[in-house]
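Okay, structure first, notes after.
As the structure is a prediction and not an experimental result, all values here were calculated from the model. These values consider heavy atoms only, across backbone and side chains, with no hydrogens, waters or symmetry-generated copies. Residue indices begin at 1 and follow the sequence shown.
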Amino acid sequence: MEEQRLKFHIFLRGIILIGFTLLFYKLLISNQINYFIAPKMRPYLYFSTFVFMVLGIFQVFKGTSNKKETIFCDCCDDHHPPKTTFRSVLYYLIFIIPLLTGFLFSDHILGSSIAKNRDIQLQSSTSSNQRIGQTQSITQEKYNAMKQSLMKKSLIKVVDSNYLLTVGIIQDNLDLFVNKEIEITGFVHREEGFPPNQIIIGRFAISCCIADASVYGLMAKGKVTNLKNDSWVQVKGRLGKGDDESESILPVLEIESFKNIPEPKQPYVYDVFIEL
């Protein structure tokens with residue numbers, strides 16, 4: 001009887017592992033995994049999916065085998081399953097609940113309601129040298145080349161592939177870009193106490209996974225009273241300076257025109273300053 005109970009636990013653990021394998025597979029083939037991790041983390045998920053599948057199949061076969069063998073070691077109680085049904089239910093719910101929610105509920109895109117509880121980067125918090133020193137993927141030469149390229153443009157378009165680098169260079173070198181015309185895309189966010197004509201145009205940036213997501217963008221001012229939080233817009237305007245509550249200088253985009261756009265297929269941008 002005890003052996004059958006232990007085999008059932010092994011079998012159930014195998015099913016849970018296979019369940020997570022199928023969930024990872026679903027997220028990968030649908031590209032919904034991009035809502036949770038940065039693309040550079042995909043190889044690790046491929047590896048994890050394969051390992052979960054192998055371990056799950058092994059556990060299922062072991063749990064249904066009729067061979068007489070030691071299923072659990074006797075070195076300590078920690079290696080044994082819970083002794084009561086109630087504890088077993090609590091134990092396995094820790095894994096089953098996130099598995100079910102992954103299959104049953106639609107993916108939620110981070111927006112303004114989350115932004116108010118996250119860091120919002122509107123001005124340079126480190127010098128360009130500190131940024132360069134903390135990374136292996138952006139060298140001083142690449143940074144300077146991008147900076148020179150932006151300075152020569154009459155209209156700076158902040159594109160997804162260089163979103164963080166472009167915004168970072170503008171924040172680091174605000175005096176060089178004042179009065180430059182800038183076009184940027186993002187979702188609308190308002191902090192508590194903002195006047196009706198002031199918004200933040202931002203994007204969530206992910207370094208590794210959604211847990212480290214922060215908002216990067218620009219403060220913007222103009223005739224935006226009717227824009228709702230979480231609506232997506234493409235804004236064009238001239239860069240100026242503004243003072244926040246701490247009297248620190250930060251970039252402010254004086255809006256010349258804007259248009260509402262659909263939420264992009266990939267709403268997040270990824271941190272080029274970090275490379276594994």
Side-chain angles (χ1 to χ4, degrees), residues 31-38 101-102 105-125 156-168 170-171 174 177 180-271:
N31 280 326
Q32 292 175 338
I33 193 62
N34 291 335
Y35 296 154
F36 302 97
I37 63 173
T101 55
F105 295 100
S106 60
D107 300 308
H108 177 70
I109 306 302
L110 297 181
S112 188
S113 60
I114 304 298
K116 64 183 181 181
N117 298 317
R118 298 290 181 98
D119 291 334
I120 301 180
Q121 305 294 333
L122 297 176
Q123 62 189 106
S124 177
S125 57
I156 298 174
K157 293 186 177 182
V158 185
V159 297
D160 289 6
S161 58
N162 285 315
Y163 185 96
L164 289 176
L165 182 56
T166 303
V167 171
I170 292 171
Q171 292 174 349
L174 179 55
F177 293 96
K180 281 278 189 180
E181 194 171 23
I182 295 176
E183 183 179 283
I184 187 171
T185 298
F187 68 90
V188 175
H189 172 66
R190 289 181 175 87
E191 291 282 280
E192 186 176 349
F194 269 21
N197 69 332
Q198 183 173 312
I199 59 174
I200 293 171
I201 306 297
R203 300 286 290 270
F204 272 96
I206 296 177
S207 296
C208 292
C209 66
I210 200 170
D212 59 36
S214 297
V215 179
Y216 285 77
L218 294 175
M219 186 82 74
K221 291 183 178 181
K223 297 178 181 180
V224 293
T225 306
N226 294 328
L227 288 180
K228 297 180 179 179
N229 278 1
D230 293 321
S231 60
W232 282 78
V233 291
Q234 186 180 77
V235 173
K236 184 184 291 185
R238 293 204 174 269
L239 191 68
K241 291 182 179 181
D243 296 325
D244 65 8
E245 295 178 356
S246 64
E247 301 301 324
S248 298
I249 301 299
L250 73 159
V252 175
L253 194 62
E254 299 292 341
I255 298 175
E256 297 175 343
S257 63
F258 68 86
K259 63 179 179 179
N260 292 92
I261 61 171
E263 180 184 281
K265 291 182 179 179
Q266 178 47 268
Y268 305 143
V269 292
Y270 301 100
D271 193 350

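Sorted by first and then second residue, the pairs that involve residues 193-211 and meet salt bridge (Lys or Arg N to Asp or Glu O under 4.0 Å), not counting sequence neighbours, are Asp160-Arg203. Counting only residues at least two apart or in different chains, salt bridge (Lys or Arg N to Asp or Glu O under 4.0 Å) contacts with residues 252-270 comprise Arg238-Glu256.
Under a 3.5 Å cut-off, the side chain of Tyr163 and the backbone N or O of Tyr216 do form a donor-acceptor pair.
Within the 4.5 Å cutoff, no side-chain heavy atoms of Val159 are placed close to those of Thr166. For the pair Ile156/Ile184, no side-chain contact is recorded, criterion being any heavy-atom separation below 4.5 Å from C-beta on. Considering only heavy atoms from C-beta on, His189 stays 4.5 Å or farther from Phe194 through its side chain.
Considering all non-hydrogen atoms of both residues, Ile201 and Thr185 come closest at CG2-C, 4.0 Å. Nearest heavy-atom pair across Leu250 and Leu174 is C-CD2, 3.9 Å. Pro196 approaches Val224 most closely through the heavy-atom pair O-CG2, 3.9 Å. The minimum heavy-atom distance linking Ser207 with Ala38 is given by the pair O-CB, 3.6 Å. Of all non-hydrogen atoms in Pro251 and Leu239, the two that sit nearest each other are CB-CD1, 3.7 Å. The two residues Pro262 and Trp232 come nearest to each other via the heavy atoms O-CB, 4.1 Å.
Atoms OG1 and CD1, on Thr225 and Ile199 in that order, are 10.0 Å from each other to the nearest 0.5 Å. With rounding to the nearest 0.5 angstrom, the CG atom of Asp230 is 10.5 Å from the CZ atom of Arg190. Within the model, atoms CD1 of Ile255 and CD of Gln198 stand 10.0 Å from one another, a figure rounded to the nearest 0.5 Å. Here the straight-line distance linking atom NZ of Lys236 with atom CD1 of Ile182 works out to 12.0 Å at 0.5 Å rounding. Note that the CG atom of Leu218 and the CD1 atom of Ile200 stand 10.0 Å from one another [nearest 0.5 Å].
Annotation: Lys180, atom NZ; neighbour count of heavy atoms from other residues, nucleotides and ligands within 6.0 Å is above 12.
Ring-plane geometry between Phe204 and Tyr268 is classed as perpendicular, the angle between the planes exceeding 60 degrees on a 0 to 90 degree scale with a lower cut at 30.
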